[in-house]
Q: 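I am attaching a structure below and will ask some questions about it afterwards.
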Amino acid sequence: MSDKALSSSSRAELRALKWFTLTPALGLILFALLIAGFLWYLNRVGLDQQRQTLYRDIEWAQQSIRLALREDQDAIVASAPDWALADQLEDTRARGREFLQRSPDVMYLARVTPDRKVLWMLPGRGVVSVTRNRTPGAQIEDSAGYNVFHEARASRSPAFSEPFLGEDNELTVELHVPILREGVFSGTVVAGYSLSRLLTEALSPEVRERYQIHLVDQGGNPLVSTSPRTIHETNLGYELPLDPPGHGIRLRAFAFDTRPSLVRSSLVVVVIGLSIASAVSLLLLWRHSRRRIAAEAERDRLFEFSQDLMCVFDEQGNFLRMNPAFDHFFGPDGSSRHLLDLVHPEDREEVRLALAQAAGPRTGAIESIAISFEARFAGTTQWRWLHWSARSDSSKRGLMWYAVAHDVTKRRNAETALAAETSFRQAMEDSMLTGMRAFDMEGRVTYVNPAFCEIVGYDASELLGAVPPYLYWNRQDPSADQQALATVLEGKAPASGFQGTVHRKDGSVRFVRMYVSPLVARDGTQTGWMTSMTDISEPKRIREELAAAHERFTTVLDELEAAVCVLPPATGPGTTPADHIAPLFTNRTFRHLFEHAADFSPLLKATEDSAPGWLPREVLLPRLGRWYEVRARRIRWVDGRPVRMVVATDVSRRHEAEEQHRRQDEKLQRTSRLVTMGEMASSLAHELNQPLTAIANYCMGLSARIRTRVAAGAELDADEMLQALGKTAAQAERAGMVIRRIREFVKRSEPERRHCEVEKIVADAIGLAEIDAQRLGVRIEIDLPPEPPTLNVDPILIEQVLLNLAKNGIDAMRNATAPVLRVSVRVLGGAIDFAVADVGPGLTPEARAKLFEPFFTTKAEGMGMGLNICRSIIESHQGRLWAETNEWGGCTFRFTLPLGTAGASTRVARAA
Ligand code: ADP
């Protein structure tokens, strides 16, 4: 959620909160104002009532005092003429006393003469002493008395004096009533009023109880008071002028108690109490609602801002409410889907079960069930793992789920990776043949793997937690093991490892090799040591056996007559001269024979071009003058390199024997050829005789003709002569060819292979055979392929074979009616096939069995060596010779020769 959205939403919340909190506050204020107004109004009404009462009471008091004074004044005025009769003093006094009895507020009554002398004085009731100036005989000198006296005298009407301080500090006012005797002023009658008495006597006790009443002078200073108490001026008060006595004297009253009545005040108290109680409860309610609103706002914010997915869904899995994180996770249409639709198909059943299980066994009572599960959910882009915690609640609408989910994909992936890693490591540990053991710095074993248990023969439970001496130590003498452990714990174990023994549970002993490395914790502190242990008992045994085998092997090899060596592979043609190759292995014979590398270089040269197999090469070592058969083979050396093993066997003796044999063979072949020629001698003589006779005839004829022509003097016919000479030369040529063939056939020559034409071999052999054939009347038919191939053979030997076979055929057909010898040559696959077929009597079983044995012959002059030699010639050319019986009679002798074989060897090796 963006900051902007956040602030606007919080502003709206604050506004709501303000209204929620202000409304009760306003109500509270309004209520307080109302109550205050009401109380104020009550107070006002009360005060008004009090004031009215006060006014009434004080006015009443004022009237009372005035009435009392007026009454006294009137009484004195009425009585004054009587009292003026000074001679009837006693009588006057009696009347005066009477008056005093009636007016308790009068302190004294006195008669003052016109010259201000007190004539007599009567003290009032309860008055002990009167001011000295008013004692009889005293003259009134004080200003108040003086002034009033003169005022009364001047005005001739009663007058009140100013207040003055009398005896006993009594504030006093005097009423001077002038006495006129026949219109002449004759003094005054004075009534002294004590102001305090006036107040007490004139006012009713109720008024005095309720008010403090003062008499104040013109300046507002209190003169007398009904109560000595000081009263706050704010108290309800009222002031009225008091005339008489006048002189600015005023009556001032203060209400003692302005408090309302008990009933009213308790009503106020109740109202105030209730108001306070309701205000407090309102305040508490307000505070509570404020807290509630704040808490709800917090909760809403938590719901809105939570990064975790929150939602409410019903029993069927329909979403009812979800937070923005939920929408964000599932995309815009996520909330409109069913819960199970969002679950990965593989996890759907599990989620359904979790919800069903929790919702299933509800036993009437509404109980809230908490469940949690993890499943893959369809996020907006991919499947994500969510961990759900949900709590059910039963409402009017049915069962509801309140759920929160958070994305645990990372954790799940990490867990999966960890599990894979753990199982991989477990598999690795279990499959490992190397024993692993860890121990702490004190040597306490903390870990062993299965291979270790296997090596030591104890279970992991027996080994874990073990301390030295360990179970697999040598119990008889653990000193070596202790020593090794001490070395390890000191960190001095060699990096290259060390050997030791393990005493297994079954009593057997195994040899082991151990490597130690420190176990270092993340913080870099070393926590122990890890030892890897390899069982080397078997390798050790094998090594020992191998060593023994090697010794046997080298002994055998050393005793061999053949020279054996192993050479490193040639890095490339010509890169390493054979002289500089250092053999990897040599046996004694080799070392004895070839002291220097140069000595065996001819051997190596011979092996370089050899095929991978054991094809032998025979090499003559000139220094030793001996033949060696060298066999080389590519093998893998102990380190896996391809190397050459060379075995050189001295074959000089065999070589000599073979050479001898070969020479004998050659001699035999030649002898055989000579014999053949000998056999053919008469035929040959006849063959040669014919051309020689013809030559002689031609020469004699020619010389006779020349002589005849010369004698006749005729011209010699050159053409005729040249023709005769040509015929002569042809005859000589024919004889020469026969002689050349015989010479070539019998001449002693080293067997030599060369490229030669099949056609020529056949022509030469048949040319010789034809001499016998003609003599015996045998027809020879030759059948050659259209393009006869070239052969790499010794032509004389093949010719000898062909001639021998042809001669045998011709011999066999001596008595045949239509003797035909058929010589045919065919190319069959990779070989060339020669066949010599006759129509003679064929082979008897005996002849067939012994055909190729030496000296088997049925002929009187025969030697019986021909076929034997023929077969050895053919076989020496890697060919084959055999006889077949013809269907039409007679037999066919066949031999094959490989085409294009026999390489470039200079010598035809004898077949082994
Ligand atoms: P030789 O010709 O000196 O007897 P060979 O070794 O050439 O010696 O022949 C051995 C024998 O094989 C002959 O004596 C003959 O009996 C028999 N033989 C050879 N060729 C034929 C043939 N084409 N038909 C019948 N017999 C034959």
Side-chain angles (χ1 to χ4, degrees), residues 664-684 742 745-746 761-762 764-783 796-826 833-877 879-896:
Q664 276 176 354
D665 260 9
E666 256 172 44
K667 224 183 257 175
L668 201 61
Q669 284 160 11
R670 190 156 168 272
T671 312
S672 167
R673 291 202 292 274
L674 285 174
V675 168
T676 307
M677 285 299 115
E679 282 171 0
M680 288 175 71
S682 62
S683 307
L684 287 171
I742 293 166
F745 191 70
V746 299
I761 294 170
V762 174
D764 281 352
I766 299 307
L768 288 172
E770 250 175 356
I771 298 167
D772 262 1
Q774 273 173 11
R775 191 169 57 87
L776 295 172
V778 174
R779 189 158 56 84
I780 297 181
E781 287 178 5
I782 296 172
D783 181 13
I796 298 299
L797 294 180
I798 303 302
E799 217 173 283
Q800 183 180 350
V801 173
L802 266 178
L803 177 61
N804 240 319
L805 297 179
K807 232 173 70 53
N808 276 351
I810 291 164
D811 280 347
M813 289 188 292
R814 272 173 198 272
N815 304 315
T817 45
V820 176
L821 187 79
R822 170 173 279 275
V823 178
S824 55
V825 180
R826 282 182 304 160
D833 177 88
F834 292 81
V836 180
D838 61 59
V839 290
L843 295 168
T844 60
E846 195 214 350
R848 176 171 280 278
K850 297 183 170 177
L851 210 51
F852 297 101
E853 281 181 15
F855 310 116
F856 170 76
T857 180
T858 54
K859 299 168 193 169
E861 71 282 17
M863 260 182 62
M865 283 301 291
L867 285 176
N868 180 271
I869 290 167
C870 286
R871 192 164 70 169
S872 70
I873 290 172
I874 292 304
E875 284 178 356
S876 76
H877 282 81
R880 209 158 69 78
L881 170 66
W882 73 98
E884 291 170 358
T885 304
N886 295 333
E887 285 170 22
W888 58 89
C891 58
T892 303
F893 280 76
R894 281 180 187 279
F895 66 90
T896 58

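For ligands, and for the atoms within them, numbers begin at 1 and follow the listed sequence.
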Q: Roughly how far, to the nearest 0.5 Å, is CG of Asp811 from CG of Asp772?
A: 7.0 Å
Q: Taking Arg848 for the side chain and Leu843 for the main chain, is one N or O donor matched with an acceptor at less than 3.5 Å?
A: no
Q: For residues 887-896, which residue pairs qualify under side chain to side chain donor-acceptor pair (under 3.5 Å), counting only residues two or more places apart or in two chains?
A: Asp833-Arg894, Glu884-Arg894, Asn886-Thr892
Q: I'd like to check the side-chain contact (heavy atoms from CB on, under 4.5 Å) partners of Thr844; sequence neighbours left out, ordered by chain and number.
A: Glu846, Ala847
Q: May I have a table of the N/O to N/O pairs between ligand 1 and the protein that fall below 3.5 Å, each row giving the two atom names and the distance to 0.1 Å?
A:
{"from": "ligand 1", "atom 1": "2 (O)", "to": "Asn808", "atom 2": "OD1", "distance (Å)": "3.3"}
{"from": "ligand 1", "atom 1": "2 (O)", "to": "Lys859", "atom 2": "NZ", "distance (Å)": "2.8"}
{"from": "ligand 1", "atom 1": "3 (O)", "to": "Met863", "atom 2": "N", "distance (Å)": "2.9"}
{"from": "ligand 1", "atom 1": "3 (O)", "to": "Gly864", "atom 2": "N", "distance (Å)": "3.1"}
{"from": "ligand 1", "atom 1": "4 (O)", "to": "Thr857", "atom 2": "OG1", "distance (Å)": "2.3"}
{"from": "ligand 1", "atom 1": "6 (O)", "to": "Gly866", "atom 2": "N", "distance (Å)": "3.4"}
{"from": "ligand 1", "atom 1": "6 (O)", "to": "Leu867", "atom 2": "N", "distance (Å)": "3.2"}
{"from": "ligand 1", "atom 1": "7 (O)", "to": "Asn808", "atom 2": "OD1", "distance (Å)": "3.1"}
{"from": "ligand 1", "atom 1": "7 (O)", "to": "Asn808", "atom 2": "ND2", "distance (Å)": "2.9"}
{"from": "ligand 1", "atom 1": "8 (O)", "to": "Gly864", "atom 2": "N", "distance (Å)": "3.4"}
{"from": "ligand 1", "atom 1": "14 (O)", "to": "Thr857", "atom 2": "OG1", "distance (Å)": "3.1"}
{"from": "ligand 1", "atom 1": "14 (O)", "to": "Thr858", "atom 2": "N", "distance (Å)": "2.6"}
{"from": "ligand 1", "atom 1": "14 (O)", "to": "Thr858", "atom 2": "OG1", "distance (Å)": "3.0"}
{"from": "ligand 1", "atom 1": "16 (O)", "to": "Thr858", "atom 2": "OG1", "distance (Å)": "2.1"}
{"from": "ligand 1", "atom 1": "23 (N)", "to": "Asp838", "atom 2": "OD2", "distance (Å)": "2.8"}

Q: If you define the side chain from C-beta out and look only at heavy atoms, does anything of Val836 sit under 4.5 Å from Leu821?
A: yes
Q: Could you work out, with side-chain contact (heavy atoms from CB on, under 4.5 Å) as the rule, every residue matching Leu668, not counting sequence neighbours?
A: Met865, Ile869
